[in-house]
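Some notes on the structure that comes next.
Here, residue 1 is the first one in the sequence, and each next residue gets the next number. None of the values given here were measured: they were computed from a predicted structure. What you see below is based on every heavy atom in this structure, not just the backbone, and it leaves out hydrogens, waters and symmetry mates.
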Amino acid sequence: MENIVFTNEDNGYTVCECACGGELVTLVGIMPYLNEGESIKAQGVWQVHATFGRQLKVEYFEKKLPTDSEAIYKYLSSGAVKGIGPVTAARIVEAFGADTFDVMENNPKWLCDIKGISPRRAKEISESYAAQFGMRSVMMFCSRFFGPSVSARIYRRYGAAAVTIIEKDPYRLISDIEGVGFEKADTVAQQLGFPADSPQRIEAGAEYVLSNAAYAGGHCCLPEKDLIAKTAQALNVQPMSVATAIARMCERGELVRANEEYIYLREYREAESYINAKLRLLRDTPRPERYEGVESAIKDLEGKYGITYADEQVQAIVSGITNGVTVITGGPGTGKTTVIKALTELLLSLKISFCLAAPTGRAAKRMSEASGADAKTIHRLLETEFDTAHRPKFGRDEGNPLPASVVIIDEMSMVDLLLFSSLLKAVKRGSTLVLIGDVDQLPPVGAGQCLKDIIESEAFPVVRLKHIFRQAEQSLIVTNAHDINKGNMPVLNAKDNDFFFMERSNYTDVQQLLLSLCRDRLPKTYSLDSFSDIQILTPTRKGELGTKVLNAVLQEGLNPKSFKKREKKIGNVLFREGDKVMQTKNNYDIEWDKDGIKGQGIFNGDVGRIISIDTQSETMVINFDDRVAEYDFALLDELEHAFAVTVHKSQGNEYPVVLMPVYDCPYPLMTRNLFYTAVTRAKKLLILVGKQRCVSIMVENDKKSHRYGHLKQLLSE
């Protein structure tokens, strides 16, 4: 190793120059903890960079300690070992030559014979070298199972003890190391010789099944018999072994048994219990006297704006000011936004502190525009950060609660159990909580269905907004949405409104019409931007009209290949400068800049556009609604194209124009509430493309997916 040109300490990306066969070669890639003077063996592919010329893109590498005096000197003088600079390095190598590393490791006291090295400094040098040696051992061991970036993450987490920890229990990696799931840990365990019925494997497998049930099905728990059967099938082990493992985990408190037959991961049961206790506390705490006189203040607002609030709106406003907990629910056009604006104005006039929040950035932005007050995402409101294991931690909690006396949350139907529990921990006792949302939309992507459970518990004041206001009545999007929600067919043959249906009988015709509408017809007719104004929503990821195929068709049609646009391929996905992309998981660690204001966190469902791709530094710059973030290539598995997105991923967002294919797809996805949710995402224009028969199927299919959990029961007791 001749020269380290650049290194990113967070992800290990390195640009370096090595001597190879009498020629100086440039290497680029994930090569953490390299130092000048080291010898490495690297494999990769040759590429020619437009600016930097020919270089080897490293796919695998391993390090070897230098063996001759000159290389040892270069290594030590680079600062690789703490306490040794160029002068001291020269003295050590002159004294011990090729035996230098053996002396540092096994006879550090001999270093005291060198001028300037005290016994204390000799000890520090030996410890630093041992750490370097441990790091090399860890990286070499992990390279059998993981790529360099995950290996570096493991070393940062465990240090030199990593090998011992992994050999003892590889399944520990699942909870400790971001990017290592059950399947990967299970592969490591198999290669290390763990038996298929080992206690660690079965316990990790049971946790995996519960976690997957939460992630994929929204379940907070599972019946024990289902958990046993699913785990035994997934691991190919005896059900009795699984039952024994579950009993052990319940005894240790890692799993929780509820109502005798249901098994929870502990955090989900604790979240249910906390939500129940905190909502009751907020409801039952007396309100301050200053909340009186609300009715007269509402009359003042009506006079100020020359409007008359509907009776149910007045009820919602009064309840939101005077009760500890209030739920306000209603469909499109029923005045939820008007209620938010009235609440914020009243609170300002009464000099009562408040905060506004919503689950997504776009929903928070709409809330700000409607109220004229600042609204944040729930994550920003809670001052979310990452701990060393990349788990979220919240700056606002019971020890540091929100200073606001009133907390108003919009799009509450999207808020899952764990996030709601974290939010409630930040709401101080005596505060007022107002939850606003459309309970008829799809449930949250995460586990639980908090808004539905709170409403159905009948334990808290609920105001249902049903009146559709005159302006909204003129919109077919609004009236058709309400018809769909009631199980009635929407009007599909209107010629001059905001809701259109275009019949097409095969997949290719639907694909090409969606592309034509998005690229040519709508931008030309309505002066729209294909990327920012138009969104295609589809029920499914798979099939000819799922997101995977549609995104490939739309990428080629809307952002075709060009020599001016740089690209990066990750697996089977090709990202190109100019592409529209979506973040698929919460990442609290990504830094962004918005007009000079720094922040952290890009969250599940955030949509942006790729500004630039730099293959030299292996980074990508993306603009998310004016928040400009730099992504390391190691994070690209958290992105997917967003020319077309699933209806589930669109929750909490509104778009000027929505295009939706209505075509044959798996029956469980052709549901009324999915269709209703899609329709209510459109603000100005909605176009359905496909078969009228499929519209009928979705309207008639009122089956809602069942989610296991006991929040409603706890709240009702």
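Rounding to the nearest 0.5 angstrom, the gap separating the SG atom in Cys450 from the CG atom in Leu424 is 8.5 Å. Rounding to the nearest 0.5 angstrom, the gap separating the CG atom in Leu545 from the CG atom in Leu514 is 7.0 Å. Rounded to the nearest 0.5 Å, atoms SG (Cys220) and OH (Tyr268) are 7.5 Å apart. The OG atom of Ser413 lies 6.5 Å from the CG atom of Leu451; values are rounded to the nearest 0.5 Å. Note that OG1 of Thr432 and CD1 of Ile352 are 7.5 Å apart. Values are rounded to the nearest 0.5 Å. Interatomic distance, CG of Leu639 versus CD of Gln583, reported as 5.5 Å (0.5 Å rounding).
Between the side chain of Ser431 and the backbone N or O of Val427 there is no donor-acceptor pair closer than 3.5 Å. The backbone N or O of Tyr708 sits less than 3.5 Å from a side-chain atom of His219, completing a donor-acceptor pair. A donor-acceptor pair under 3.5 Å links the side-chain atoms of Asn551 to the main chain of Phe643, judged by distance alone. Between the side chain of Thr334 and the backbone N or O of Gly331, at least one donor-acceptor pair lies under 3.5 Å. Ser650 places a side-chain N or O within 3.5 Å of a backbone atom of Val647 that can act as its donor or acceptor partner. Side chain of Asn497 to main chain of Leu476: a donor-acceptor pair is present (N/O by atom type, distance under 3.5 Å, no hydrogens or angles). No donor-acceptor pair closer than 3.5 Å links the side chain of Gln449 to the backbone N or O of Asp416. Although no hydrogens or angles enter the test, the distance criterion places no donor-acceptor pair under 3.5 Å between the side chain of Lys336 and the main chain of Ile328. A donor-acceptor pair is defined here as one N or O able to donate and one able to accept, closer than 3.5 Å; no such pair exists between the side chain of Thr377 and the backbone of Thr360. Here the side chain of Thr677 pairs a donor or acceptor atom with the backbone of Leu442 at under 3.5 angstrom.
Side-chain atoms of Gln651 and Gln441 form no donor-acceptor pair, as typed in the model, at a separation below 3.5 Å. Residues Asn276 and Arg280 bring a donor and an acceptor atom of their side chains to less than 3.5 Å of each other. For the residue pair Ser371 and Thr344, no side-chain donor N or O sits within less than 3.5 Å of a side-chain acceptor on the partner. Between the side chains of Thr671 and Asn701, no donor N or O sits under 3.5 Å from an acceptor N or O.
For the residue pair Leu558 and Cys518, the shortest heavy atom distance occurs at CD1-SG, 3.9 Å. The two residues Leu346 and Ser349 have their closest heavy-atom pair at O-OG, 2.7 Å. Between Asp438 and Pro332, the shortest heavy-atom contact is OD2-CD, 4.2 Å. Nearest approach of Arg707 to Pro444, heavy atoms of both residues: NH2-O, 2.7 Å. The minimum heavy-atom distance linking Ile409 with Val407 is given by the pair CD1-CG1, 3.9 Å. Across all their heavy atoms, Ala459 and Arg283 have their closest contact at O-NH1, 2.9 Å.
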Applying side chain to side chain contact (heavy atoms under 4.5 Å, CB included), run through Ile408 and Met367 and close with a yes or a no. CA-CA 10 Å; Ile408 303 174; Met367 205 177 183; 3.8 Å; yes
Candidate pair Phe420 and Leu279, rule side chain to side chain contact (heavy atoms under 4.5 Å, CB included), full reasoning: CA-CA 11 Å; Phe420 190 44; Leu279 286 178; 4.2 Å; yes
Quick one, Thr547 with Thr538, criterion side chain to side chain contact (heavy atoms under 4.5 Å, CB included). Give me CA distance, side-chain angles, the key distance, then yes/no. CA-CA 7 Å; Thr547 55; Thr538 180; 3.5 Å; yes
Please report the C-alpha distance between Leu435 and Thr326 in whole Å, then the side-chain angles of each, then the deciding distance to 0.1 Å, and finally whether the side chain to side chain contact (heavy atoms under 4.5 Å, CB included) criterion is met. CA-CA 6 Å; Leu435 306 175; Thr326 292; over 6 Å; no
Trace of the side-chain hydrogen bond (donor to acceptor under 3.5 Å, both in side chains) decision for His482 with Tyr676: CA-CA 8 Å; His482 284 273; Tyr676 171 77; 5.6 Å; no
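In this structure, Val491 and Phe499 have side chains that are not in contact, with every pair of non-hydrogen atoms separated by 4.5 Å or more. Between Asp606 and Met582 the shortest side-chain heavy-atom distance does not fall below 4.5 Å. No side-chain heavy atom of Pro656 sits under 4.5 Å from any side-chain heavy atom of Ile534. The shortest side-chain heavy-atom distance between Glu398 and Lys428 does not fall under the 4.5 Å cut-off. Annotation: side chain of Ile536 is in contact with side chain of Pro661 (closest heavy-atom distance under 4.5 Å). Counting only heavy atoms from C-beta outward, the side chains of Met412 and Thr329 never approach each other to under 4.5 Å. Between Ile484 and Met698, every side-chain heavy-atom pair lies at or beyond the 4.5 Å cut-off. Within the 4.5 Å cutoff, the side chain of Asp300 has no heavy atoms near those of the Glu302 side chain.
For the pair Lys304 and Glu345, the salt-bridge criterion is met [side-chain N within less than 4.0 Å of a carboxylate O]. The pair Arg681-Glu654 does not count as a salt bridge, with every side-chain nitrogen at least 4.0 angstrom from each carboxylate oxygen. Using a cutoff of 4.0 Å between basic side-chain nitrogens and carboxylate oxygens, Glu640 and Arg541 are scored as salt-bridged. The pair Arg269-Glu272 meets the salt-bridge criterion, with a side-chain N (NZ, NE, NH1 or NH2) lying under 4.0 Å from an Asp/Glu carboxylate O. Ionic pairing of Arg672 and Asp440 is not present here: no N-O contact between side-chain nitrogen and carboxylate oxygen is shorter than 4.0 angstrom. For Asp625 and Arg362, the salt-bridge test passes: some basic side-chain N is under 4.0 Å from an acidic carboxylate O. Comment: Glu456 engages Lys452 in a salt bridge, judged by a side-chain N to carboxylate O separation of less than 4.0 angstrom.
Cation-pi geometry between Lys580 and Phe531 is not met at under 6.0 angstrom from the ring centre and within 45 degrees of the axis. Both the sub-6.0 Å distance and the 45° axial angle are satisfied by Lys425 relative to the ring of Tyr274.
Between His467 and Phe469, the angle of the ring planes goes over 60°, which puts this pair in the perpendicular group of the 30/60° scheme.
When the shell of 6.0 Å around NZ of Lys341 is examined, it contains more than 12 heavy atoms from other residues, nucleotides or ligands. Within 6.0 Å of the CD atom in Glu458, the count of heavy atoms belonging to other residues, nucleotides or ligands does not exceed 12. In Glu270, the CD atom is crowded: over 12 heavy atoms of neighbouring residues, nucleotides or ligands sit closer than 6.0 Å. Crowding of Arg464 atom CZ: a count of heavy atoms from other residues, nucleotides or ligands under 6.0 Å not exceeding 12. The number of heavy atoms from other shown groups lying within 6.0 Å of CG (Asn259) is above 12. Lys684 NZ: 12 or fewer foreign heavy atoms inside a 6.0 Å radius.
Between Arg627 and the options Ile622, Ile602, Asp593, a side-chain contact (heavy atoms from CB on, under 4.5 Å) holds for only Ile602. The side-chain contact (heavy atoms from CB on, under 4.5 Å) with Leu685 is formed by just one residue from the set Leu659, Asp533, Leu522; it is Leu522.
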